Amino acid sequence: MANYKKPRFKDAAFKRFLSVVLGTLLLVSLLVVSLGTNATPGSSGLDEGLSESVVNIQSFREKLNLPKENDFSIRLEKQNRLPPRNIDLYPRLAKDHITIVLYVHNRPQYLRVVVNSLSKVVGISETLLIVSHDGYFEEMNKIVEGIKFCRLKQIFAPYSPHVFTDSFPGVSSKDCQEKDEAGKKHCVGNPDQYGNHRSPNIVSLKHHWWWMMNTVWDGLKETRGHDGHILFIEEDHFIYPNAYRNLQLLVSLKPNKCPDCYAANLAPCDVNLRGEGWNSLVAERMGNVGYAINRTVWRKIHGKAKEFCFFDDYNWDITMWATVYPSFGSPVYTLRGPRTSAVHFGKCGLHQGQGKTNACIDNGSVNIQVDDIDKVANIRPEWDVKVYQNQPGYKAGFKGWGGWGDNRDHRLCLNFAQMYH
C-alpha cells in the first residue's frame, strides 16, 4: 500500500509545483505589460529634455489635492521648465558662484531700479539670477526679459491668486468677505484671530515666498543639487556694486568667524540703518534684506512647515521671526559687514506702484548715494566679530498680525512643502 501511494504523491506535488510556476510566469507577464502601458511619460510633451527625477505636475496635483489648474497656470508651469536665458553669453558659471533669487510682485518702477543696480554689481556675470514672479504681469515680464548681464531664469507662481481670478486661491463668489459670519451669510472661509476673512492679494505674499523657497531648493534642476549659499532679494532692494564680492567674503569667513551663524546678510536687520562703519564684522538677528542661506539651513526651515503654515500672520518674514526661528532652540544669528551693501527703498505696498508715473518713488527715481567704498569689496578677513545680543524683536506670546486664518491657505501652504518630496 505504501509503495502504491508514494508515486501518486510525487505526481500530485509535481502538478502543484508546475501550477505555481505557470501562475508566477503569468503574473510577471501581466505586470510587465501593466508597467509598459501605465508608465509616467518622461520624454515627451512637457517633460521633454528634463531630468527623469522631475515628477509629473499632474501627479503632484492629484496626490496633494492642489487647486484644479486652469489653462493659464498650466502655461506658467511650462514656462518654469524652460532652460535659463543667456547661456550663449555665459556658457559657464563660476565654480563657487552664489545663486541670486529676486522675487517680485507687480511694481515695475521698483523692478527697473533693482535690475539697473544689479547690472552694475561686480561679479554678476559669474552667477545665475532667478526671478520669481507672483503670477504673471506683462510689464514685469518685459523688464526681466531685457536682462543681458548674466545667466537668467524666470519662474512664475502657478497658484498665485492673480492666476485664479474666480476661484481659490483667488476670490470666488462664495467666499466670505471682511467680517462676514459664515453661518449667517452661508459663505466659505475661516476668519483670522481678529475676525477678518482672507484677502487674496495679501496672503499671496506669504504663499509666493514659501512656494518660491520650496521650488528653488527642491524643485528646479538648476538649483536642487546646489549645496552652497543662495542670496534672496526683493524688487524694492537697491544692490550696491560690491554686494556680490562682499557676500562671497562673508560666506567664506562664516565657518570660522561665526560658526553658529545661520546666514550672511547684505544689510542690517533694521532697514533704516546703513551700518556702523566699524572695523569689525557684525553678528545679529536675521534680516530680510539680502539674506543668504545654504541647504542645511533650508532643511531646518522646511522641517518647520507646520509652524510656518499655521501661524496667523500674512507676512513671511514676521512668521519666520516670531515662530520658526524661535523653534530652533537657540538664537539665530546672521553675519554681515559694518557697512550696508543693499538698501530697502520701498515706500508702498505689495501690488502698488504699477503706474508709469512716479508712483511710490520720489520724483520717479531713487537717489541712493554710492561712494567709492561701495564699489569694491570692503570687508577684511582679519576683522573680529561684534555680536549684538538681546536685540529687540517679537517676544514669546506674540500671536501675529492676522490675515492668515483660512484653513484653505494652511492646506495650500503645507502642500507647497510636500510638492517635491
Side-chain angles (χ1 to χ4, degrees), residues 46 56-81 103-108 131-142 154-192 194-212 214-215 219 235 309-310 312-316 348-355 402-419:
L46 294 179
N56 183 269
I57 295 172
Q58 183 69 16
S59 66
F60 276 158
R61 188 181 64 78
E62 292 174 354
K63 286 181 179 180
L64 299 177
N65 196 29
L66 287 164
K68 181 177 176 59
E69 289 192 274
N70 55 36
D71 290 342
F72 193 13
S73 66
I74 292 173
R75 291 204 303 272
L76 294 182
E77 292 273 21
K78 292 180 181 179
Q79 290 289 321
N80 293 346
R81 294 181 171 212
Y103 46 105
V104 303
H105 304 288
N106 187 22
R107 296 179 288 186
V131 180
S132 180
H133 297 260
D134 184 10
Y136 179 90
F137 301 95
E138 184 60 35
E139 188 173 0
M140 299 290 285
N141 184 54
K142 285 183 178 179
Q154 290 195 85
I155 56 176
F156 302 86
Y159 294 100
S160 167
H162 312 287
V163 176
F164 291 77
T165 57
D166 56 2
S167 63
F168 179 84
V171 180
S172 69
S173 58
K174 296 181 180 180
D175 283 350
C176 296
Q177 304 292 326
E178 298 180 346
K179 290 186 179 290
D180 285 348
E181 293 185 30
K184 293 181 178 180
K185 292 275 189 169
H186 302 289
C187 54
V188 177
N190 311 99
D192 66 9
Y194 305 107
N196 299 302
H197 285 278
R198 72 188 299 266
S199 171
N201 285 353
I202 295 300
V203 298
S204 69
L205 177 66
K206 190 168 179 175
H207 278 313
H208 177 207
W209 187 86
W210 188 240
W211 172 85
M212 172 198 70
N214 280 275
T215 298
E235 65 191 19
C309 291
F310 283 93
D312 189 7
D313 195 305
Y314 66 89
N315 299 283
W316 69 264
C348 60
L350 186 59
H351 291 281
Q352 299 172 315
Q354 299 95 329
W404 190 264
D406 200 301
N407 290 338
R408 293 172 297 175
D409 289 316
H410 301 162
R411 290 195 299 268
L412 181 60
C413 180
L414 288 175
N415 283 340
F416 288 159
Q418 300 172 33
M419 280 194 305

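If you read the sequence from its start, that first residue is 1, and numbering goes on from there. Keep in mind it's a predicted model, so treat the numbers as computed, not measured.
- Interatomic distance, CD of Gln418 versus CG of Leu66, reported as 9.5 Å (0.5 Å rounding).
- Scanning both residues, Val171 and Pro200, for their nearest heavy atoms gives CG2-CG, 3.2 Å.
- The nearest pair of heavy atoms linking Gly189 to Asp406 is CA-OD2, 3.3 Å.
- At most 12 heavy atoms of other shown residues, nucleotides or ligands fall within 6.0 angstrom of atom CG in Asp71.
- Counting heavy atoms from C-beta on, the side chains of Tyr314 and Ile202 come closer than 4.5 Å.
- Nearest heavy atom pair, residue Asp312 against residue Gly405, reads OD1-N, 3.7 Å.
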Item to check | His162/Tyr136 under side chain to side chain contact (heavy atoms under 4.5 Å, CB included): CA gap, chis, key distance, verdict | outcome: CA-CA 7 Å; His162 312 287; Tyr136 179 90; over 6 Å; no
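- Scored by the side chain to side chain contact (heavy atoms under 4.5 Å, CB included) test, Asn80 finds Glu77, Ile155, Phe156, Pro158, Trp211 as partners (sequence neighbours excluded).
- Note: Phe416 and Tyr159 have tilted aromatic rings, judged against thresholds of 30 and 60 degrees for the angle between ring planes.
- To the nearest 0.5 angstrom, Arg411 atom CZ is 7.5 Å from Asn65 atom CG.
- Atom-to-atom distance recorded for Asn196:CG and Cys176:SG is 12.0 Å, nearest 0.5 angstrom.
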Checklist entry - Can Trp210 and Trp316 be said to form a side chain to side chain contact (heavy atoms under 4.5 Å, CB included), step by step? => result CA-CA 8 Å; Trp210 188 240; Trp316 69 264; over 6 Å; no
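- At a cut-off of 3.5 Å, with distance as the only test, a side-chain donor of Gln154 or Asn141 sits close to an acceptor on the other residue.
- Side-chain contact between Glu235 and Met140: present, with at least one pair of heavy atoms (C-beta onward) separated by less than 4.5 Å.
- Contact check for Asp134 versus Ser204: side-chain heavy atoms found under the 4.5 Å cut-off.
- The NE2 atom of His197 sits 8.5 Å away from atom CD of Gln177, with the distance rounded to the nearest 0.5 Å.
- Applying the salt bridge (charged side-chain N to carboxylate O under 4.0 Å, His left out) definition to pairs two or more places apart or across chains, those involving residues 162-179 are Asp175-Arg408.
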Checklist entry - What do the steps show when you test Glu138 against Lys142 for side chain to side chain contact (heavy atoms under 4.5 Å, CB included), and what is the final call? => result CA-CA 6 Å; Glu138 184 60 35; Lys142 285 183 178 179; 3.2 Å; yes
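- Between the side chains of His207 and Asp409, a donor-acceptor pair is found at a separation under 3.5 Å.
- For the pairing with His208, the side-chain contact (heavy atoms from CB on, under 4.5 Å) check across Ser160, Pro161, Ser132 returns one residue only, Ser132.
- Within the 4.5 Å cutoff, side-chain heavy atoms of Asn315 are placed close to those of Leu205.
- In this structure, CZ on Arg75 lies 12.0 Å from CD on Glu69, to the nearest 0.5 angstrom.
- With sequence neighbours left out, the side chain to side chain contact (heavy atoms under 4.5 Å, CB included) criterion links Asn70 to Phe72, Ser73, Val163, Phe164.
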